[in-house]
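Let me begin by presenting the structure, written as structure tokens, before commenting on it.
The structure displayed is predicted, hence computed values, not measured ones.
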Amino acid sequence: MILYDACRWACRLSAIASLAALSPAMAQTTWKPTRPITIVVPYVPGGGTDATARATAKQLAIIWGQPVLVENMPGADGLIGTRRVTESKPDGHTLLLQTPAIVLTKHTPAFKGVDPLAQLAPVTNIAQSPGAIVASAKLSVNTLPELFAYCKTSATPCSMGTGENVARLFGRQMQAEDIPNLIVVNYKGTAAIVTDMIANNVNFAVTGLNAAIPHYKGGTLKILATQGAARATAAPEVKHVSESGLPQYHFTTWFGLFAPKETPSAITQSIYAAVREAIQSPDLQKAIAGAGAEPLANTPVEFAAQVRKDDDRFTALAKRFPLD
């Protein structure tokens, strides 16, 4: 009897220790979708956001045993697709994949202070990538300082293509600080910017690294600087902005999942745990690398802090260099 009791208590203690070892995320992964899930991408197909969403959706469908659909809803600088999610039921079945551009929506005069972030719950980052300052190969510059020097003395004003609000904000900053006569040309998507840069119809752009790499390797575009804190893995020979003496232009974009604001934490934790599992897939890692990014799944709390940090930075910049 004594031996039996000792064994019984030992087993109980072992079970308690095993439960204690579980991470908070694992302890809350009881939610699973009961019908198809939609990931809304508020931009045109073919960009880095879209590619990340589709590769992630494929793996989540395997994990959840439910179809995961990607729905592109471009327009109004991403606000149309974002509203599709903010107005959805907070049950985990409609998600949003967004980028840092979302923090600038409230600073765009046309939207009169609308702040979609206030109606969303950050769930997790999926991947992040340094931005890049890219120029036409027909332009006789090879570095960012050379670009600024060229544009200041060129008889024809330089032009910069922008496809979203962060790039537009950098354009306003460049006009104020480095290239007073810069012409900023707004586009609806990155593909059109790349086409016009190759032809030198627009001289340069701030864009995602994934959009530039194939054309950089093909010799039709130049990457003048990357915007991360270190040199980009996809282009290690290119200096980053701090090395170029222009740290004010640093920028790392993220591809993050959001849910409607009132989504229960048990659901957002479960989605985070599923994404964390999904990015272990070699297929997803390959897709993310192909987009010039690196996988990164952080907790809802960590991702919320990351979003707030960018919000604070870009809010301060938007006050100095207003968007129009």
Side-chain angles (χ1 to χ4, degrees), residues 40-43 48-49 74-83 85-86 96-133 160-180 182 184 186-187 190 205-208 225-229 240-242 246-262 268 296 298-324:
V40 176
V41 175
Y43 304 106
T49 312
D77 288 327
L79 187 57
I80 291 175
T82 298
R83 276 182 168 165
V85 177
T86 61
L96 174 72
L97 190 67
Q98 257 286 17
T99 68
I102 191 174
V103 306
L104 286 169
T105 301
K106 61 179 176 286
H107 300 295
T108 304
F111 301 142
K112 300 179 180 179
V114 172
D115 183 9
L117 276 178
Q119 304 170 59
L120 292 166
V123 178
T124 184
N125 202 342
I126 295 175
Q128 58 185 33
S129 171
I133 300 174
M160 170 185 173
T162 68
E164 45 81 29
N165 278 333
V166 173
R168 291 183 191 118
L169 184 61
F170 283 131
R172 295 288 176 260
Q173 185 174 4
M174 289 178 185
Q175 285 174 324
E177 296 182 347
D178 295 292
I179 313 174
L182 177 65
V184 177
N186 297 331
Y187 289 77
T190 304
V206 173
T207 187
T226 55
Q227 294 176 276
H240 56 74
V241 288
S242 293
L246 294 157
Q248 64 269 36
Y249 295 114
H250 79 87
F251 172 57
T252 297
T253 193
W254 38 256
F255 304 100
L257 276 180
F258 294 82
K261 184 179 179 180
E262 301 301 325
T268 58
L296 173 66
N298 49 12
T299 68
V301 171
E302 291 168 340
F303 183 44
Q306 184 178 11
V307 173
R308 281 195 302 273
K309 183 178 179 180
D310 277 344
D311 192 9
D312 291 344
R313 179 196 177 195
F314 289 124
T315 290
L317 286 174
K319 289 178 180 178
R320 291 175 58 199
F321 313 110
L323 296 166
D324 55 24

Check: Ile102 main-chain N/O paired with Thr105 side-chain donor or acceptor under 3.5 Å: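 Yes, Thr105 side chain to Ile102 backbone: donor-acceptor pair under 3.5 Å.
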What are the two closest heavy atoms between [X] and [Y], and how far apart are they?
{"X": "Val40", "Y": "Gly81", "result": "CG1-O, 3.5 Å"}
{"X": "Phe170", "Y": "Gln227", "result": "CE1-NE2, 3.8 Å"}
{"X": "Phe255", "Y": "Ser129", "result": "CE1-CB, 4.5 Å"}
{"X": "Gly78", "Y": "Tyr43", "result": "CA-CE2, 4.2 Å"}
{"X": "Leu97", "Y": "Thr49", "result": "CD2-O, 3.3 Å"}
{"X": "Val241", "Y": "Ala225", "result": "CG1-CB, 4.0 Å"}

Residues in side chain to side chain donor-acceptor pair (under 3.5 Å) contact with [X], at least two apart in sequence or another chain:
{"X": "His250", "result": "none"}
{"X": "Arg172", "result": "Gln175, Asp324"}
{"X": "Ser242", "result": "none"}
{"X": "Asp77", "result": "Arg168"}

Min side-chain heavy-atom separation Asp178-Tyr249 under 4.5 Å: yes
Heavy-atom side-chain contact between Ile179 and Met160 under 4.5 Å: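 No, side chains not in contact.
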Going by the rule side-chain contact (heavy atoms from CB on, under 4.5 Å), which residues pair with [X] if we only count those two or more places apart in sequence or in a different chain?
{"X": "Ala76", "answer": "Leu79, Ile80, Phe111"}
{"X": "Pro260", "answer": "Val85, Ser88, Pro90, Thr263"}
{"X": "Glu164", "answer": "Ala101, Val166, Ala167"}
{"X": "Thr207", "answer": "Val134, Thr190, Ala211"}

Salt bridge (charged side-chain N to carboxylate O under 4.0 Å, His left out) contacts touching residues 301-310 (sequence neighbours left out):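 Sorted pair list comes back empty.
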Inter-residue atom distance [X].[atom1] - [Y].[atom2], 0.5 Å rounding:
{"X": "Gln98", "Y": "Thr253", "atom1": "CD", "atom2": "OG1", "result": "9.5 Å"}
{"X": "Leu169", "Y": "Thr162", "atom1": "CG", "atom2": "OG1", "result": "10.5 Å"}
{"X": "Arg320", "Y": "Thr315", "atom1": "CZ", "atom2": "OG1", "result": "13.5 Å"}
{"X": "Leu246", "Y": "Ile133", "atom1": "CG", "atom2": "CD1", "result": "7.5 Å"}

With Asp311 via salt bridge (charged side-chain N to carboxylate O under 4.0 Å, His left out) - residues at least two apart: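 Listed in chain order: Lys106.
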Give every donor-acceptor pair under 3.5 Å between a side-chain atom in residues 117-125 and any protein atom, sequence neighbours left out.
from, atom 1, to, atom 2, distance (Å)
Thr124, OG1, Asn298, N, 3.2
Thr124, OG1, Asn298, O, 2.7
Asn125, OD1, Ala127, N, 3.2
Asn125, ND2, Gln128, OE1, 3.4
Asn125, ND2, Gln306, OE1, 3.2

ring-ring contact (aromatic ring centres under 6.0 Å, His included) partners of Phe303, counting only residues at least two apart: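 For Phe303, the residues satisfying ring-ring contact (aromatic ring centres under 6.0 Å, His included) (neighbours in sequence not counted) are Trp254, Phe258.
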